[in-house]
Amino acid sequence: MADNKTDGGTDYRATLNLPDTPFPMRGDLPKREPGWVKEWNDEGIYHRLRDARHGAPKFILHDGPPYANGQIHMGHAVNKILKDMITKARQLEGYDALYVPGWDCHGLPIENAIEKKYGRNLGRDEMQAKSRAYATEQIAQQMADFQRLGVLGEWDHPYKTMDFANEAGEIRAFKRVIERGFVYRGLKPVYWCFDCGSSLAEFEIEYADKKSQTLDVAFKAHDPAKLAAAFGLPALHKDAFAVIWTTTAWTIPANQAINLNPELDYSLVDTERGLLVLANSLVEMCMTRYALEGKVLATVKGERLGGLEFEHPLYDVDAGFRRLSPVYLADYATAEDGTGLVHSSPAYGVDDFNSCIAHGVKYDDILNPVQGNGSYATDFPLFGGQNIWKAVPVIIHALRDAGRLMTTEQITHSYPHCWRHKTPVIYRAAAQWFIRMDEGEGVFTKDKAPKTLRQTALEAIDETRFYPENGRARLHDMIANRPDWCISRQRSWGVPIPFFLHKDSGELHPRTMEILDLAADIVEKGGIEAWSRVTAEEILGGEDTPQYTKSTDILEVWFDSGSTFSHVLRGTHPNVHHETGPEADLYLEGHDQHRGWFHSSLLLACALEGRAPYRGLLTHGFTVDSQGRKMSKSLGNGIDPQEVNKKLGAEITRLWVAASDYSGDIAGDDKILARVVDAYRRIRNTLRFLLANTSDFDIAMDAVPLDELLEIDRYALSRAAQFQAEILAHYKVYEFHPVVAKLQVYCSEDLGAFYLDVLKDRLYTTAPNSRARRSAQTALWHITQAMLRWMAPFLSFTAEEAWKFCGDGQSIFVQTYSKLGTPDDALLAKWNRIREIRDAVNKEIETVRADGQVGSSLQANVTLTAPADDHALLASLGDDLKFVFITSAIALASGDTLAATVTASKATKCERCWHWRDDVGHDPAHPGICGRCTSNLYGAGEARTIA
């Protein structure tokens, strides 16, 4: 209110109960947040929260470990803030909400970083030492950034996959997977990245477009008479060829067979290039592609051609290719494209490999000339030492010169790439260790699982809750169709596969299970480095030692993170697990982790425990700009969380995350953040009003019993109870953006535009200790207490700051949600209708005010005509009706429809309360104020019953 000075010199402004609070209007977040983070760390708030919930039901969110490499980006921030909001919401619900942050510390990206800095010739011991030091530095940097975001967790005891206890726990988990019959060794094509120099898991593959040369290549019949007989012909009058089609020219030199489908029709076609064997349905298309005229001489089922032999297309070029390619019958050969014949290089394709093995090709006879660095072996004929991609034109040239190239053209197709290096990968046969998905024999099985891993995992998916639900089908399809899991890698920085292999047979040492226990004990004391240093003699110590070699393979990094539930939630952090059932209530990561951490964790938990490690899976989208483009450094469209912290405060990032529908991609840029800042200010201003108007209120001394509150105050608390039920229902299913949206509406509409607006007169003008004012303050105190808890999961800094002015001296997060009672439906319905009528009247007042007839609603006299039900409703408010409508006078009349007539008051304006009243000056001692103000100041005080 403005300056109020009367004749007599009384400053009536000083007689008003104007709001006052040290809670500042400006958050000044960038400057003040670091102090709160320090305070939380110094006071050990996470452990205080644990003490406060000792014995309460547990809620466990297991952290999917970010990789310990590089500064955090906004995707990291979104992920950690979501986890923090969920655990805080559960904490306030009364759970012992546990959150142990973790880090993924082994693996190739760290090795790459070390190699870039120190070169590629480091020994294993040096690589491991430098990698551990590097990961330690990265974790310290990332931890500080996560804490700066207001994330609460066990920061003084996080988990790291490189902790000795976790490394040892991983070896013990590996042993258990072996005992359950899931581990075997096999020569099998696996994804191989030349940049990684190692095999890759399915999880590490992404698809991108690649340009390739397609080749139609002719394989000459080795025994024309047998081919003629197969087609029912007496003889062949010219050379005959089986024509294959491929997109991987580099595999042709390693060809060992040709596959045909036994159920397809194949034709022998007479052309000027010879007699060509082609799928009957593709003859016309092939003739067009080869620019040839052709005549079909005979057609037979593919099964008639099985066992025929053709010569390698470079058979006559170099003695090294003087071998035959037999025809094997296989269903995977189709007539969808190409020629209907598939050339088979078993080292470089899963189907090719399986077909050749099924037809009796021995492992030792499989040709595998491509080395781990992407080049053919130096002694490989014609192409030795050449990179396979660069050799493609050389291979095409050799085939053309040999007369075996029918045609070639360039296509763009979807092709597997390494998700780290974004470079094309190949299938490459290598002796690797696998976890078996289906039936089969494992090594050293002693407690065979009753079902296959695929069956168990699919059943576990059915028992898991998904947020959103569509994640279920995605993970189900991945598990249903995935191949066996290759878990071995040929690198240095990782948990060892502590095997000793016979130098001749490749068999495991008979004491392998005992050695695994010994290795785990050694690693638990000295880390993986300690195992690297021990020799075969020290471990085996017998006469057979010279016959065995120590494996240098490591477990792939997805085994690291996928097994963390086993050794973290049941080992290194013994209080962080449920006594029965899955260890974690929730796993929360980006939706790409259906093929990553969710996937590997599910397989390992099912292998170890026969069930999933989680009760629920929640996924969020990627961070994108306002145009929907994924944030990236190359596009320059990213939002740096560190910069946002410095300019706006982490609280704004938190509110942005909470306000976003994270089930899809999360859009953000400077304009979006500016809107978030505006939303934050509105919430903070509402909070400041609440605190300012309860600053002289002591709930223990001044509270009015709830059943004795004025009716509008009881309505406000009933509305708060109703609103809280909505909020907690959203929190229950991990929804935040509806909470933020509804909280803004609640602040602006329920409070700002109605309840607080109506309340100002009673708060400011009635006697400080009057029942009328204390009733209002009682309601405001309860609303403030509830609101701080509603917003605490996402506006954590602000809620904690405000709590210092109205709390019990502890943290807001020690509290539980307010007990606001059951909403009074009848009271809510009554006041909802009153608010609707009030809105209609306000429109009429605003029309008159816009014409300049009144200065404010208090200057308006309103005659309100209402139908019977509305009339009774309004009449029940008695003299307080004018306070609800914020007018100086309002008269009710009966009518068929709702209508309001607004005129300017002819009364005098009270200098203290600003109401226009006929009794202004009724007391000669106080000529400038009205009767209600003199009563409130010097008398018994006005009677307020409703508002």
Side-chain angles (χ1 to χ4, degrees), residues 41 63-73 76 80 100-148 151 153-171 195-198 204 420-421 489-498 519-535 550-564 567-568 571-573 597 641-642:
N41 286 336
D63 194 24
Y67 199 73
N69 182 30
Q71 194 172 49
I72 71 165
H73 53 66
H76 290 122
K80 276 293 191 286
V100 179
W103 273 273
D104 215 347
C105 309
H106 298 125
L108 194 65
I110 287 176
E111 283 201 49
N112 284 343
I114 299 303
E115 287 179 348
K116 283 180 182 177
K117 188 172 182 179
Y118 299 101
R120 289 198 162 206
N121 299 317
L122 295 178
R124 177 170 286 244
D125 289 350
E126 193 173 4
M127 172 60 78
Q128 289 175 343
K130 291 186 182 302
S131 294
R132 188 176 291 278
Y134 176 84
T136 300
E137 294 171 359
Q138 299 298 303
I139 288 170
Q141 173 183 294
Q142 291 184 4
M143 183 186 294
D145 284 346
F146 287 141
Q147 289 177 289
R148 177 65 185 83
V151 177
E154 196 164 333
W155 296 111
D156 56 349
H157 187 203
Y159 80 84
K160 308 166 194 170
T161 57
M162 69 177 182
D163 285 342
F164 295 173
N166 290 336
E167 292 175 335
E170 191 172 331
I171 294 173
D195 292 297
C196 294
S198 179
E204 299 168 304
R420 293 188 186 92
H421 293 99
R489 294 291 181 272
Q490 293 68 51
R491 303 295 300 191
S492 299
W493 178 233
V495 174
I497 296 179
D521 292 341
I522 290 171
V523 168
E524 189 159 21
K525 292 186 180 106
I528 61 172
E529 296 90 334
W531 177 256
S532 293
R533 290 191 293 268
V534 299
T535 63
K550 182 184 175 188
S551 171
T552 57
D553 285 354
I554 63 170
L555 287 166
E556 69 133 347
V557 74
W558 289 108
F559 197 106
D560 283 25
S561 58
S563 61
T564 54
H567 39 274
V568 174
T572 57
H573 293 73
W597 189 56
Q642 293 81 7

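Computation of the quantities below employed the complete heavy-atom set of this structure, encompassing side-chain atoms and omitting hydrogens, waters and symmetry-equivalent molecules.
The two atoms that bring C105 and K160 nearest to each other are SG-CB, 3.7 Å, heavy atoms only. N69 and P109 get closest at one heavy-atom pair: ND2-CB, 3.8 Å. When every heavy atom of T572 is checked against every heavy atom of A165, the shortest pair comes out as CG2-CB, 3.6 Å. The two atoms that bring A168 and A520 nearest to each other are CB-O, 3.3 Å, heavy atoms only. Minimum heavy-atom separation, P641 to I72: CG-O, 3.9 Å. When all heavy atoms are compared, the tightest approach of K550 to W531 is NZ-O, 2.6 Å.
Counting only distance, with no hydrogens or angles, the side chain of R124 and the backbone of R491 share a donor-acceptor pair below 3.5 Å. Proximity of a side-chain donor or acceptor of R148 to a complementary backbone N or O of Q642 within less than 3.5 Å is not detected. Counting only distance, with no hydrogens or angles, the side chain of Q142 and the backbone of G70 share a donor-acceptor pair below 3.5 Å.
Side chain to side chain, D145 and H76 fail the donor-acceptor criterion of an N or O pair below 3.5 Å.
One finds the NE2 atom of H106 at 9.0 Å from the OH atom of Y67 (value rounded to the nearest 0.5 Å). Atom CD1 of residue I114 and atom CE of residue M127 lie 6.5 Å apart, to the nearest 0.5 angstrom. I497 contributes atom CD1, which lies 9.0 Å from atom CZ of R489 (distance to the nearest 0.5 angstrom). Interatomic distance, CD1 of I554 versus CD of E556, reported as 9.0 Å (0.5 Å rounding). Atom CG of residue L122 and atom CD of residue Q128 lie 11.5 Å apart, to the nearest 0.5 angstrom. Taking CD1 of I139 as the reference point, atom CG of D104 lies at 9.5 Å (rounded to 0.5 Å).
The closest side-chain heavy-atom distance from V557 to L108 is not below 4.5 Å. Here the side chains of S563 and T161 are not in contact, with every heavy-atom distance at 4.5 Å or above. Side-chain contact between Y159 and T564 is present, with heavy atoms from C-beta onward closer than 4.5 Å. Residues I522 and R533 are not in side-chain contact: their nearest non-hydrogen atoms beyond the backbone lie 4.5 Å or more apart. In this structure, the side chains of C196 and E204 stay at 4.5 Å or more apart for every pair of heavy atoms. The side-chain heavy atoms of K130 and I110, taken from C-beta on, include no pair separated by under 4.5 Å.
For W597, the side chain to side chain donor-acceptor pair (under 3.5 Å) partners are S601, not counting sequence neighbours.
Surrounding CG of N121 are at most 12 heavy atoms belonging to other residues, nucleotides or ligands under 6.0 Å away.
Under the 4.0 Å criterion applied to side-chain N and carboxylate O atoms, R420 and E111 are not assigned as salt-bridge partners.
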Using the rule given for side-chain contact (heavy atoms from CB on, under 4.5 Å), can you reason through V100 versus H157, listing the C-alpha separation, both sets of side-chain angles and the distance that settles it, and then say yes or no? CA-CA 8 Å; V100 179; H157 187 203; over 6 Å; no
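Using a 30° and 60° split on the angle between ring planes, W155 and F146 fall in the parallel class, below 30°.
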